[in-house]
Asks: 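Please see the structure below; I have some questions.
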Protein chains: 2
Amino acid sequence: MAGETGGVNQALGESLPIIRRSLHDEVVSRVRDLIIEGVLAPGARVHEGNLCDKLGVSRTPLREALKVLASEGLIELMPNRGAMVRRPTPPEVLDTLTVLGEMEALAAKLVCARAGDADIAEVRAIHMRMLDCFARRDRLEYFKLNQSVHSAIVRLSGNRVLAATHDTLQARIKRVRFLGNEREENWHRAVAEHEEMIAALEARDARRLGRALRAHMENAWQRVRDAL
Amino acid sequence: MAGETGGVNQALGESLPIIRRSLHDEVVSRVRDLIIEGVLAPGARVHEGNLCDKLGVSRTPLREALKVLASEGLIELMPNRGAMVRRPTPPEVLDTLTVLGEMEALAAKLVCARAGDADIAEVRAIHMRMLDCFARRDRLEYFKLNQSVHSAIVRLSGNRVLAATHDTLQARIKRVRFLGNEREENWHRAVAEHEEMIAALEARDARRLGRALRAHMENAWQRVRDAL
DNA sequence: TTTTTGCATTTTGCATTAAAAATCATTGAT
DNA sequence: ATCAATGATTTTTAATGCAAAATGCAAAAA
């Protein structure tokens with residue numbers, strides 16, 4: 001039986017373990033996106049009944065999803081009083097940025113040691129697309145590509161735990177950071193910092209890249225702090 | 001009614017916001033402990049019905065708890081096929097140790113800058129108790145205090161995000177690390193490394209402490225790798 | 001004897017429902 | 001008029017029930 005399945009899979013090109021996501025898993029993704037996109041704003045109360053209707057699922061899978069999102073730090077659960085979209089406090093944002101900066105600095109060390117030319121070219125490509133959005137003043141798309149650059153660097157480190165932890169932390173303050181880039185001068189500086197990052201990456205200079213990433217995070221804090 | 005409660009709380013010494021943890025929250029803690037203590041061994045299948053009986057709760061809160069534990073990385077959920085206690089792969093253990101080392105190194109920087117004498121004395125106290133357990137060859141208690149030292153250092157950094165993330169990551173490989181300390185010579189070396197850590201901490205030498213912590217993690221990998 | 005196919009049992013996934021808790025509004029007392 | 005208390009409504013929590021899927025076993029065919 002296992003043999004037959006293997007044969008079929010090979011015939012189909014090795015993919016397809018037949019992806020069957022469970023409902024609660026689907027709901028986690030959907031609600032997470034709603035929060036990150038800002039449809040569910042920070043501080044907003046999350047009403048079980050409403051969301052269930054909106055998503056077309058019953059309350060059990062939704063409740064399971066809310067528990068997971070709470071453990072990711074995106075939602076705050078108040079026992080017997082429902083759920084709220086978490087609004088990170090300023091100290092928490094600072095703490096998160098500090099940790100993110102350190103993780104990316106670690107990633108820098110690993111990437112410079114092991115990434116191939118193709119990998120680095122890939123990051124550069126994202127960067128170029130980002131510059132394009134900057135030129136067109138497409139803030140939303142710019143922002144998404146910006147986050148992609150950071151995620152890509154961390155992913156190329158080859159350390160999956162690092163990548164997963166980084167992305168979870170990044171998601172928590174995504175919303176706040178988006179708001180932080182509103183001022184034109186801030187935006188300008190952020191782009192310049194990214195230029196430096198890419199240059200350091202292409203030079204495979206781990207120390208320089210680490211410095212750039214840490215600095216980028218510190219500056220992100222400056223940009224974000226008055227948006228709080 | 002609220003007034004009366006407040007009065008009682010004050011009379012009892014300011015604690016007790018009337019701790020009413022929801023059931024699923026309680027279940028998360030209990031099951032997490034069962035995994036970390038090794039009662040639920042890595043690779044073991046987690047049967048909903050059995051656990052429900054054992055814990056005396058119905059399936060709904062248990063299922064919610066399993067989702068949370070899965071997002072913490074302690075449990076693996078196989079859709080329609082139940083849950084398993086996650087057995088970290090060797091690369092995952094290495095990756096986790098790498099990240100933990102870096103986080104503790106970051107903590108070192110922060111701690112040396114801001115911790116008071118009392119704080120450091122507290123860590124030293126845990127360390128001394130740990131040495132005592134080492135002398136008595138009380139492996140379990142030694143191990144718990146060992147983890148406490150690391151958690152304390154990270155907590156004293158004052159960065160709550162760092163502390164929380166660190167502890168979650170630490171929990172994932174707690175079991176494996178416990179097994180790694182079985183060989184007497186390994187145990188000996190680990191104790192020596194802790195001595196160095198404490199010395200560096202008391203000297204408030206952040207670089208030295210960072211080096212010690214990273215080295216400690218690398219050595220932990222050596223100790224653990226053949227236990228896999 | 002080995003493999004395969006169909007059936008029975010077990011187990012999970014989700015919805016519904018019942019119970020507990022909180023919020024809100026109204027009423028009565030000071 | 002204000003505040004507290006009580007009851008009604010809403011909302012969350014947790015248990016139960018039902019349907020779908022997987023596992024294991026046995027019987028039949030190669």
Side-chain angles (χ1 to χ4, degrees), chain A residues 1-9 16-32 35 40 43-71 74-86, chain B residues 1-9 16-32 35 40 43-71 74-86:
Chain A
M1 196 191 280
E4 183 186 271
T5 314
V8 171
N9 279 347
L16 306 185
I18 298 191
I19 298 161
R20 295 182 45 243
R21 301 181 72 186
S22 56
L23 196 48
H24 69 257
D25 220 3
E26 192 65 41
V27 173
V28 169
S29 300
R30 294 281 292 279
V31 178
R32 191 194 286 120
I35 293 173
L40 290 168
R45 282 212 46 196
V46 178
H47 194 288
E48 288 186 8
N50 292 357
L51 252 186
C52 286
D53 294 346
K54 199 163 292 189
L55 298 175
V57 298
S58 93
R59 292 177 44 213
T60 306
L62 175 63
R63 296 186 92 257
E64 291 176 348
L66 289 180
K67 305 285 177 299
V68 171
L69 291 169
S71 99
L74 289 174
I75 275 196
E76 184 167 0
L77 252 36
M78 300 123 95
N80 295 320
R81 257 183 289 179
M84 261 183 53
V85 178
R86 188 111 185 268
Chain B
M1 194 193 283
E4 181 186 275
T5 315
V8 170
N9 279 347
L16 307 183
I18 298 191
I19 299 163
R20 296 183 43 243
R21 303 180 69 189
S22 56
L23 198 46
H24 70 258
D25 219 2
E26 191 66 41
V27 173
V28 169
S29 300
R30 294 281 292 280
V31 178
R32 191 195 286 120
I35 294 173
L40 290 167
R45 281 210 46 195
V46 178
H47 193 286
E48 288 186 5
N50 292 358
L51 253 187
C52 285
D53 293 348
K54 200 163 290 189
L55 297 174
V57 298
S58 90
R59 287 176 49 212
T60 305
L62 175 63
R63 286 175 55 80
E64 290 176 350
L66 290 180
K67 304 285 176 301
V68 172
L69 292 169
S71 99
L74 289 174
I75 274 194
E76 185 168 359
L77 252 37
M78 300 124 94
N80 294 320
R81 259 182 288 179
M84 262 184 51
V85 178
R86 188 110 186 270

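The sequence lines fix the lettering, A, B, ..., with proteins before strands; numbering per chain opens at 1.
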Asks: Find which nucleotide of DNA chain C each of A:L23 and A:R45 is nearest to by heavy atoms, and output the residue with the more 5' nucleotide.
Replies: A:L23
Asks: Whole-Å distance between C:dC24 C1' and A:N80 CG?
Replies: 17 Å
Asks: Taking A:R86 for its side chain and A:A70 for its backbone only, find out whether a donor-acceptor pair lies under 3.5 Å.
Replies: no
Asks: To the nearest Å, how far apart are B:M84 CE and C:dT12 C1'?
Replies: 17 Å
Asks: Counting only side-chain heavy atoms from C-beta out, which of C:dT23, C:dT12, D:dA14 sits nearest to A:R81?
Replies: C:dT23
Asks: Can you check the A:L77 CG to D:dA14 P distance for me, whole Å?
Replies: 11 Å
Asks: Which parts of residues 48-61 of chain B get close to DNA chain D, meaning a heavy atom less than 4.0 angstrom away?
Replies: B:S58, B:R59, B:T60, B:P61
Asks: I want to check something: taking the side chain as every heavy atom from C-beta on, are B:L55 and B:V31 in contact at a cut-off of under 4.5 Å?
Replies: yes
Asks: With a 4.5 Å heavy-atom cut-off, do A:V85 and A:L74 have their side chains touching?
Replies: no
Asks: Test: side-chain hydrogen bond (donor to acceptor under 3.5 Å, both in side chains). Region: residues 47-58 of chain B. Which pairs qualify, not counting sequence neighbours?
Replies: B:E48-B:R59, B:E48-B:R63
Asks: Between CD of A:E64 and CD of B:E64, what distance do you get to the nearest 0.5 Å?
Replies: 6.0 Å
Asks: Expressed in angstrom and rounded to an integer, what is the separation of B:R63 atom CZ from C:dT12 atom C1'?
Replies: 6 Å
Asks: With a sphere of 6.0 Å drawn around CZ of B:R30, does it hold more than 12 non-hydrogen atoms of other residues, nucleotides or ligands?
Replies: no
Asks: Just the rounded figure in Å: distance from P of D:dT13 to CD of B:E64.
Replies: 8 Å
Asks: In whole angstrom, give the distance that lies between atom CG of B:L62 and atom P of D:dA14.
Replies: 12 Å
Asks: With a 4.0 Å limit, can you tell me whether B:H24 has a side-chain N or O closer than that to the phosphate oxygens OP1/OP2 of D:dT13?
Replies: no
